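The structure under discussion appears below in the form of structure tokens.
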Amino acid sequence: MLKSPMEILEIKDGESITFHVEQWEIDKAVIKPPHAPGGKVIDAVRVHVPQAEKPLFPHYWDIGAVGLVAQLLPFLEQPNFAARKYTVTAFGEAPKKRFRLEVV
């Protein structure tokens with residue numbers, strides 16, 4: 001399980017966030033969405049970002065959206081993952097929210 005505190009990446013429809021990844025980890029996490037108030041175990045990726053890009057502690061984002069995790073992992077598994085810039089854009093509202101990932 002990912003250690004606390006959780007810092008879920010939440011962006012609204014049409015918004016984007018850009019970050020660099022210094023290190024990352026994948027593990028299980030427990031979330032409590034409205035449809036599962038007792039909790040639900042998911043696979044989540046924790047991306048540690050530079051303090052300049054996220055000045056408030058903790059200096060990481062926890063990403064649990066299945067589609068976004070699937071897009072991110074092939075880039076994170078490459079040796080040069082830290083040299084890249086990641087931009088995530090949200091489309092729609094939960095539970096049908098989707099994400100576009102751009103990596104340069």
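We number each residue from 1, following the sequence as shown. Because the structure is a prediction, the values reported are computed rather than measured.
Listed by first and then second residue, the side-chain hydrogen bond (donor to acceptor under 3.5 Å, both in side chains) pairs that reach into residues 56-67 are Arg46-Asp62, sequence neighbours excluded.
Ala29 and Leu2 get closest at one heavy-atom pair: CB-CD1, 4.3 Å. Pairing each heavy atom of Arg84 with each of His20, the nearest pair is O-CD2, 3.2 Å. Nearest approach of Val49 to Glu22, heavy atoms of both residues: O-OE1, 3.5 Å.
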Enumerate, atom names and distances included, each donor-acceptor pair closer than 3.5 Å involving a side-chain atom of residues 38-45, sequence neighbours excluded.
| from | atom 1 | to | atom 2 | distance (Å) |
| --- | --- | --- | --- | --- |
| Asp43 | OD1 | Lys28 | NZ | 2.6 |

Which pairs of donor and acceptor atoms, one on a side chain in residues 95-104, lie under 3.5 Å apart (sequence neighbours left out)?
| from | atom 1 | to | atom 2 | distance (Å) |
| --- | --- | --- | --- | --- |
| Lys97 | NZ | Ile11 | O | 2.6 |
| Arg98 | NH1 | Lys96 | O | 3.4 |
| Arg100 | NE | Glu102 | OE2 | 3.4 |

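Residues Lys32 and Pro37 are not in side-chain contact: their nearest non-hydrogen atoms beyond the backbone lie 4.5 Å or more apart. Contact of the Val30 side chain with the Met1 side chain is registered, since non-hydrogen atoms from C-beta on lie closer than 4.5 Å. In this structure, the side chains of Phe19 and Lys54 stay at 4.5 Å or more apart for every pair of heavy atoms.
Evaluation of the side-chain contact (heavy atoms from CB on, under 4.5 Å) rule for Glu77 yields Trp24, Leu73 as partners, not counting sequence neighbours. For the side-chain contact (heavy atoms from CB on, under 4.5 Å) test, residues two or more places apart in sequence or in another chain that qualify with Glu10 are Ile8.
Phe57 shares a hydrophobic cluster with no other residue; no ILVMFWY side chain has heavy atoms under 4.5 Å from its own.
Rounding to the nearest 0.5 Å places CD1 of Ile17 at 8.5 Å from CD of Glu53.
Judged by distance alone, the side chain of Glu15 and the main-chain N or O of Lys12 form a donor-acceptor pair under 3.5 Å.
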